[in-house]
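This report concerns only the one structure given below.
Numbering starts at 1 and runs along the sequence shown. A quick note: this is a predicted structure, and the numbers were derived from the prediction, not measured.
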Amino acid sequence: MKDDFKIQLEETEFNYLFDRVALLSDSVRQKYAVKTFDRDDIRGFQVGESPSPMNCRIRGAYELNDVSQYLLEMFHNSQDAFYLPTIGTAKTLKNKLKEINAEPLRGWTHGQFFVEVDSVQPYQETFKTRLLSCDEIDTFIQIHSTGFKSSKDNQDLVTAMFKGLVTHGLGEAYVVEDGLRPIAAGFVYFSDNNIAYLATAVTRRTDRNKGAHQALILRRIESARQRGMKYVSATAQLNSQSRRNMETLGFILSHTQILVKKSEGEE
């Protein structure tokens, strides 16, 4: 896989995470102590009241050898927690990580996957899938929270994030329904680089292994096709059912990504 395409895939995911924070209203930003910055080829965001690795990232380059001294100084000197998305594995980057006094975040190794939209057959509905309006995002969140065991306060934050993306035309939320009962939900984000990103998907535990996740994948690929996107990308843990479902539908592993944090002694 060419390095420049790997960078595009990384940038797609980062754009999604950045936009869902940057588009929060002023009142929500104040409540959750949100900070964003986009300057000097370095972008980042931090949600002080919800400092998960999804909500606190900084990027200037996705290859550690290309990371500027300026970014490293920000990374190490900031009082805020930041995680640096990086192409590679803990093993292949061991020496470089030691050199910059950083370490991989345990449990946050993912594969970056992609598929060319035109290689996927046009969507044929096998499950009833439905596009949600902005006013129906709560239905999406109800299912989403069952997969991520979110607190009520965090659900409110995530609801505001997804509503911001939908309101600005940057994403769509879908549910799979069994009769009138929603059993799975997924979100697709449309980046400005001709790549759509399968941002998240959750199936209710009692309804798994029935094909709902694959139906969500195919429906969101079709949405990307309608938007004129060339590729669809997604991240998944390397030994997961999500990966197997995607590869069944033609997704290819581009590379492995780790999140890098300050070494423990610096905290």
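Contact detail for H76 and N101: the closest heavy-atom pair is CE1-O, 3.2 Å. In terms of heavy-atom proximity, A196 sits nearest to A224 at CB-CB, 3.7 Å. Residues G88 and L93 approach most closely at CA-CD1, 3.9 Å, considering heavy atoms. Residues S233 and I195 come closest through the heavy atom pair OG-CG2, 3.6 Å. Of all non-hydrogen atoms in H110 and T235, the two that sit nearest each other are CB-CB, 4.4 Å. When all heavy atoms of R220 and Y174 are compared, the pair lying nearest together is CG-CD1, 3.9 Å.
Residue Q8 holds its CD atom at 11.0 Å from CZ of F114, rounded to the nearest 0.5 Å. The distance from atom CG of L24 to atom NZ of K31, rounded to the nearest 0.5 Å, is 11.5 Å. In this structure, I87 CD1 and L64 CG are separated by 9.5 Å, a value rounded to the nearest 0.5 Å. Here F187 contributes atom CZ and L170 contributes atom CG; the two are 8.5 Å apart, rounded to the nearest 0.5 Å. Atom CD of Q142 and atom CD of Q155 lie 8.5 Å apart (nearest 0.5 Å). Taken to the nearest 0.5 Å, the CG atom of L259 stands 9.5 Å off from the CE atom of M54.
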Steps toward side-chain contact (heavy atoms from CB on, under 4.5 Å) verdict (L198, L216) | CA-CA 9 Å; L198 304 187; L216 277 174; over 6 Å; no
Stepwise ring pair (Phe, Tyr, Trp, His ring centres under 6.0 Å) test for F140 and F162 = CA-CA 9 Å; F140 171 84; F162 284 118; 4.9 Å; yes
Apply the test side chain to side chain donor-acceptor pair (under 3.5 Å) to residues T129 and Y123: give CA-CA distance (whole Å), side-chain angles for both, the deciding distance (0.1 Å), then the verdict.
-> CA-CA 11 Å; T129 59; Y123 177 68; 3.1 Å; yes
Please step through side chain to side chain donor-acceptor pair (under 3.5 Å) for the pair Q30 and D26, ending with a clear verdict.
-> CA-CA 6 Å; Q30 183 174 0; D26 289 342; over 6 Å; no
Q124 and L218: side-chain contact (heavy atoms from CB on, under 4.5 Å), yes or no, with the steps?
-> CA-CA 8 Å; Q124 294 183 342; L218 289 170; over 6 Å; no
Going through the checks in order, is the side-chain contact (heavy atoms from CB on, under 4.5 Å) test met by K96 and I100?
-> CA-CA 6 Å; K96 185 62 180 179; I100 66 172; 4.1 Å; yes
Stepwise, does the side-chain contact (heavy atoms from CB on, under 4.5 Å) test hold for L71 with L84?
-> CA-CA 10 Å; L71 183 145; L84 186 68; 3.9 Å; yes
Test side chain to side chain donor-acceptor pair (under 3.5 Å) applied to Y189 and D19, step by step | CA-CA 10 Å; Y189 166 80; D19 283 345; 2.6 Å; yes
May I have the step-by-step check of side chain to side chain donor-acceptor pair (under 3.5 Å) for T36 and R43, ending in yes or no?
-> CA-CA 8 Å; T36 58; R43 302 173 75 201; over 6 Å; no
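The pair D207-R204 does not meet the salt-bridge criterion, since no charged nitrogen lies less than 4.0 angstrom from a carboxylate oxygen. At a threshold of 4.0 Å, the pair R219-E222 does not count as salt-bridged, since none of the basic side-chain nitrogens sits closer than that to a carboxylate oxygen. Between E103 and K94 there is no salt bridge, since no side-chain N of the basic residue sits under 4.0 Å from a carboxylate O of the acidic one. Between K230 and D118 there is no salt bridge, since no side-chain N of the basic residue sits under 4.0 Å from a carboxylate O of the acidic one. Electrostatic pairing of R130 and E136 counts as a salt bridge here, judged by a charged N lying under 4.0 Å from a carboxylate O. Between R59 and E11 there is a salt bridge, since at least one side-chain N of the basic residue sits less than 4.0 Å from a carboxylate O of the acidic one. The residues R243 and E247 are annotated as salt-bridged, a charged nitrogen and a carboxylate oxygen being separated by less than 4.0 angstrom.
Side-chain contact between I252 and V115: absent, with no pair of heavy atoms (C-beta onward) separated by less than 4.5 Å. No side-chain heavy atom of V176 sits less than 4.5 Å from a side-chain heavy atom of K128. By the 4.5 Å heavy-atom criterion applied to side chains, K261 and R106 are not counted as neighbours. I42 has its side chain within reach of M74: a pair of non-hydrogen atoms, C-beta onward, lies under 4.5 Å apart. Taking the side chain as every heavy atom from C-beta outward, I221 and M229 never approach each other to under 4.5 Å. In this structure the side chain of T109 never reaches within 4.5 angstrom of the side chain of T89, judged on heavy atoms.
In this structure, the side chain of S191 does not engage the main chain of T12 through any donor-acceptor pair within 3.5 Å. Of the possible donor and acceptor atoms, none in the side chain of T167 sits under 3.5 Å from a partner among the backbone N and O of G164. Side-chain N or O atoms of S50 include none that pairs as donor or acceptor with a backbone N or O of V47 at under 3.5 Å. Checked by atom type and distance alone, the side chain of R208 pairs as donor or acceptor with a backbone atom of T203 at under 3.5 Å. No donor-acceptor distance shorter than 3.5 angstrom exists from the side chain of R20 to the backbone of K163, with no hydrogens or angles considered. A donor-acceptor contact shorter than 3.5 Å is absent between the side chain of S78 and the backbone of F75. Checked by atom type and distance alone, the side chain of R57 pairs as donor or acceptor with a backbone atom of P53 at under 3.5 Å.
Under the 30°/60° scheme for interplanar angles, the aromatic rings of F45 and F14 are found to be tilted.
With hydrogens and angles left out, the side-chain atoms of N245 and Q241 include a donor and acceptor closer than 3.5 Å. Residues S254 and Q112 have side chains that never bring a donor and an acceptor to within less than 3.5 angstrom of each other. With hydrogens and angles left out, the side-chain atoms of S27 and S25 include a donor and acceptor closer than 3.5 Å.
The ring-ring contact (aromatic ring centres under 6.0 Å, His included) pairs that include a residue from residues 211-238 are F5-Y231, where partners are two or more places apart or lie in different chains.
Checked against ring-ring contact (aromatic ring centres under 6.0 Å, His included), Y197 has the following partners two or more places apart in sequence or in another chain: Y16.
Results of the side-chain hydrogen bond (donor to acceptor under 3.5 Å, both in side chains) test with Y32 over N55, D153, D156 single out D153 as the only residue that passes.
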